[in-house]
Peer 1: 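Starting off with a structure, shown below.
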2 protein chains.
Amino acid sequence: MIKVAIVDDHKILTEGLQGLIAASGLATVVNVAHSASECRQSLGFCKPDVLLLDVSLPDISGLDFCKEVKTEFPEIKILALTTHNEYSIVRQMLDNGASGYLIKNAMTEEILAGIKAVAAGEIFLCHEIDILMKRPKETHTWLSHREKELLKLVAEGLTNSEIAERIFLSPETIKSYRKNLLLKLDAKNTAVLVRIALEKKLI
Amino acid sequence: MIKVAIVDDHKILTEGLQGLIAASGLATVVNVAHSASECRQSLGFCKPDVLLLDVSLPDISGLDFCKEVKTEFPEIKILALTTHNEYSIVRQMLDNGASGYLIKNAMTEEILAGIKAVAAGEIFLCHEIDILMKRPKETHTWLSHREKELLKLVAEGLTNSEIAERIFLSPETIKSYRKNLLLKLDAKNTAVLVRIALEKKLI
DNA sequence: ATACAATACCCCCCAAATGGGGTTTTTATC
DNA sequence: GATAAAAACCCCATTTGGGGGGTATTGTAT
């Protein structure tokens, strides 16, 4: 029997999930938490095989929590279960050690299939996400570290010279980065740049 | 027995909800839809007393769908059930005719209490939302029609003169509006303006 | 009656962003 | 050891935005 733990702040969802998993006979729910900190306290002793993890948690980001859990308990397989269907979120989640990714409007059977697959050491993506990730690379936007850093500072409202001071670069360099960002994200100006960044969850 | 219909694209949640409502003995689920169009087709004959409605639907906005249902079937009480806890969303939902508002991490009992209350013709807000709405007016941002319109166009990347042409106003007027928006939303510049607008779901 | 909010308009000045063209160095990757 | 991508830098010209000051006209709620 696969031991499953759940972290999600939506109580109706966790209750529904518990019932669903119990009814399947495939796995047993050993712990339910509604925040990362709550989950952190119980992981040590309940030792689940699979952790169902939401990206939006009330305390810290599910992305960071995924990395944290994987560092402390590398043997626990993490299966993301969330509403986000953006490339960058899935990409980061997998890079942070997740073994699978489900979106919340996936079929019930997919959730059980996902639990089974990741428990067996496989990588599992639900249908919609699988299609998303297989799309040609050009349709996805991927920014370098520096570019992401710049984008964050721009979205915080810093001017070029303020950014330059902050990260010890020439204002001219910042200008180049911004030009590149406008090009890469196909944005006409800063307003659109910020909108796209937030919509694609790049920052 | 209260007749309840549900519209939400998260299948796990709708299944959980169905079980929960059935187990309570308070109400009976007469219909479950995963999109507005699906729901639209069934509302006519299943005639629910209460409609549990999510704000994010795959086809159209739950806000618009709320208004639509209220126009066609004024006797159906609408109870919003969603993750959004922003003032502007709640405000719009209530203005569009919703009788109640629940957030998805609310307690199970609150959902049942909400169904009971709105079926009885009352207005019901879950605890967290109640607190949010009771906060002094000054802490909420509320924009006029024109200001919202402007903000949308700014976020689309139009320059002042482009906006002026589009809505037949003087470019100087647009400048004034923008200055006001920066003040009202306490934004240093356009980048922050757009970020705040998206974060507070004002546009 | 009058005060208020919303709407629409105008001026000046300077700072900041955008668009165009570039170069060099460092750091992975094959 | 070649190659490519990322990171850092530079100049010119123009447009756009932001900060400061305003005014006038509506409608509407008290």
Side-chain angles (χ1 to χ4, degrees), chain A residues 87-88 91-92 95 136-198 202-203, chain B residues 87-88 91-92 95 136-198 202-203:
Chain A
Y87 178 85
S88 71
R91 185 72 270 149
Q92 284 177 74
D95 287 348
K137 210 184 162 187
E138 303 82 54
T139 62
H140 303 301
T141 347
W142 202 232
L143 304 179
S144 70
H145 282 294
R146 261 309 202 216
E147 284 171 333
K148 261 191 226 174
E149 197 183 356
L150 262 285
L151 194 46
K152 272 178 205 162
L153 295 171
V154 168
E156 278 174 27
L158 302 211
T159 65
N160 289 339
S161 40
E162 284 168 341
I163 297 174
E165 272 186 44
R166 176 83 70 92
I167 59 177
F168 310 110
L169 286 180
S170 149
E172 286 298 323
T173 308
I174 313 296
K175 277 183 69 174
S176 307
Y177 274 99
R178 277 181 88 139
K179 272 192 282 192
N180 260 310
L181 282 169
L182 291 175
L183 251 177
K184 265 200 185 180
L185 302 193
D186 191 30
K188 194 189 161 195
N189 53 32
T190 305
V192 181
L193 186 70
V194 172
R195 188 165 56 76
I196 293 178
L198 292 172
L202 295 170
I203 50 176
Chain B
Y87 177 86
S88 72
R91 184 72 267 150
Q92 284 176 74
D95 287 348
K137 211 185 164 188
E138 303 83 54
T139 62
H140 302 303
T141 348
W142 201 234
L143 304 178
S144 70
H145 281 296
R146 261 308 201 220
E147 283 171 334
K148 262 192 226 172
E149 196 182 358
L150 263 286
L151 193 47
K152 271 179 205 162
L153 295 171
V154 169
E156 277 175 29
L158 302 211
T159 66
N160 288 338
S161 41
E162 284 168 341
I163 297 174
E165 272 186 45
R166 177 83 71 91
I167 59 177
F168 308 110
L169 287 180
S170 148
E172 286 299 323
T173 307
I174 313 297
K175 275 185 73 173
S176 306
Y177 273 100
R178 279 180 88 140
K179 273 192 281 191
N180 260 310
L181 283 169
L182 290 175
L183 251 177
K184 265 200 184 179
L185 302 193
D186 190 31
K188 194 188 159 195
N189 54 33
T190 305
V192 180
L193 186 71
V194 172
R195 189 165 56 74
I196 293 177
L198 292 172
L202 295 171
I203 49 176

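Values in this document were obtained by computation on a predicted structure and should not be read as measured data. Numbered from 1 within each chain, the chains take letters A, B, ... in sequence-line order.
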Peer 1: Over 60° means perpendicular and under 30° means parallel, so classify the ring planes of B:Tyr87 and B:His140, tilted if in between.
Peer 2: parallel
Peer 1: Please answer whether the main-chain N or O of B:Val192 pairs with a side-chain N or O of B:Asn189 as donor and acceptor at a distance below 3.5 Å.
Peer 2: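 A pair under 3.5 Å: yes.
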Peer 1: Provide, to the nearest angstrom, the distance between the CD1 atom belonging to B:Ile174 and the P atom belonging to D:dT15.
Peer 2: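 Checked: the CD1 to P distance equals 20 Å.
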Peer 1: Rounded to whole angstroms, how far apart are CZ on B:Arg166 and C1' on C:dA8?
Peer 2: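 Checked: the CZ to C1' distance equals 19 Å.
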Peer 1: A side-chain contact here means heavy atoms from C-beta on lying under 4.5 Å apart; do B:Ile174 and B:Leu153 qualify?
Peer 2: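 Sidechains of B:Leu153 and B:Ile174: no contact.
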Peer 1: For the side chain to side chain contact (heavy atoms under 4.5 Å, CB included) test, which of B:Leu181, B:Thr173, B:Leu143 pairs with B:Leu150?
Peer 2: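 The side chain to side chain contact (heavy atoms under 4.5 Å, CB included) with B:Leu150 is passed solely by B:Leu181 among B:Leu181, B:Thr173, B:Leu143.
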Peer 1: Write down the protein N/O and nucleotide N/O pairs, taken from nucleotides 12-18 of chain C, whose separation is under 3.5 Å; answer none if there are no such pairs.
Peer 2:
unit_1: C:dC12; atom_1: N4; unit_2: B:Lys175; atom_2: NZ; d: 3.4
unit_1: C:dA17; atom_1: OP1; unit_2: A:Arg178; atom_2: NH1; d: 3.4
unit_1: C:dA17; atom_1: OP2; unit_2: A:Asn160; atom_2: N; d: 3.1
unit_1: C:dA17; atom_1: OP2; unit_2: A:Asn160; atom_2: ND2; d: 3.3
unit_1: C:dT18; atom_1: OP1; unit_2: A:Thr190; atom_2: N; d: 2.7
unit_1: C:dT18; atom_1: OP1; unit_2: A:Thr190; atom_2: OG1; d: 2.7
unit_1: C:dT18; atom_1: OP2; unit_2: A:Thr190; atom_2: OG1; d: 3.3
unit_1: C:dT18; atom_1: O4; unit_2: A:Lys175; atom_2: NZ; d: 2.8

Peer 1: How many angstroms lie between atom CD of A:Glu156 and atom CZ of B:Arg195, to the nearest 0.5 angstrom?
Peer 2: 6.5 Å
Peer 1: Under 3.5 Å between N/O atoms: give me all the protein pairs with nucleotides 24-28 of chain D, atom names plus distance.
Peer 2:
none

Peer 1: Between NZ of A:Lys179 and NZ of A:Lys175, what distance do you get to the nearest 0.5 Å?
Peer 2: 6.0 Å
Peer 1: With a 4.5 Å limit on heavy-atom distance, are the side chains of A:Leu193 and B:Val194 in contact?
Peer 2: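 With C-beta onward as the side chain, the pair stays apart.
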Peer 1: Which atoms of nucleotides 5-7 of chain D (N or O only) lie under 3.5 Å from a protein N or O atom, and what are those distances?
Peer 2:
unit_1: D:dA7; atom_1: OP2; unit_2: A:Ser144; atom_2: OG; d: 2.3

Peer 1: Expressed in angstrom and rounded to an integer, what is the separation of B:Ile163 atom CD1 from C:dA8 atom C1'?
Peer 2: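 Taking CD1 of B:Ile163 and C1' of C:dA8, I get 15 Å after rounding.
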Peer 1: So among B:His145, B:Lys152, B:Arg146, which one has a side-chain hydrogen bond (donor to acceptor under 3.5 Å, both in side chains) with B:Glu149?
Peer 2: B:Arg146
Peer 1: Tell me whether the side-chain N or O atoms of B:Ser170 pair up with the base of C:dC9 as donor and acceptor below 3.5 Å, since no angle test is needed here.
Peer 2: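 Result: no qualifying N/O pair found.
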Peer 1: Where do A:Leu202 and A:Ser88 come nearest, in terms of heavy atoms and distance?
Peer 2: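 Scanning both residues, the minimum pair turns out to be CD2-CB, 4.0 Å.
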Peer 1: Grab the CD-P distance between A:Glu162 and D:dG18 for me, whole Å please.
Peer 2: 13 Å
Peer 1: I need the B:Thr141 OG1 to B:Lys184 NZ distance, nearest 0.5 Å.
Peer 2: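 The OG1 atom of B:Thr141 sits 9.0 Å away from the NZ atom of B:Lys184.
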Peer 1: Round to a whole Å and report the spacing from CG of B:Asn180 to C1' of D:dG18.
Peer 2: 13 Å
Peer 1: Measuring from B:Ile163:CD1 to B:Tyr177:OH, what's the distance to the nearest 0.5 Å?
Peer 2: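 B:Ile163 atom CD1 to B:Tyr177 atom OH measures 12.0 Å (nearest 0.5 Å).
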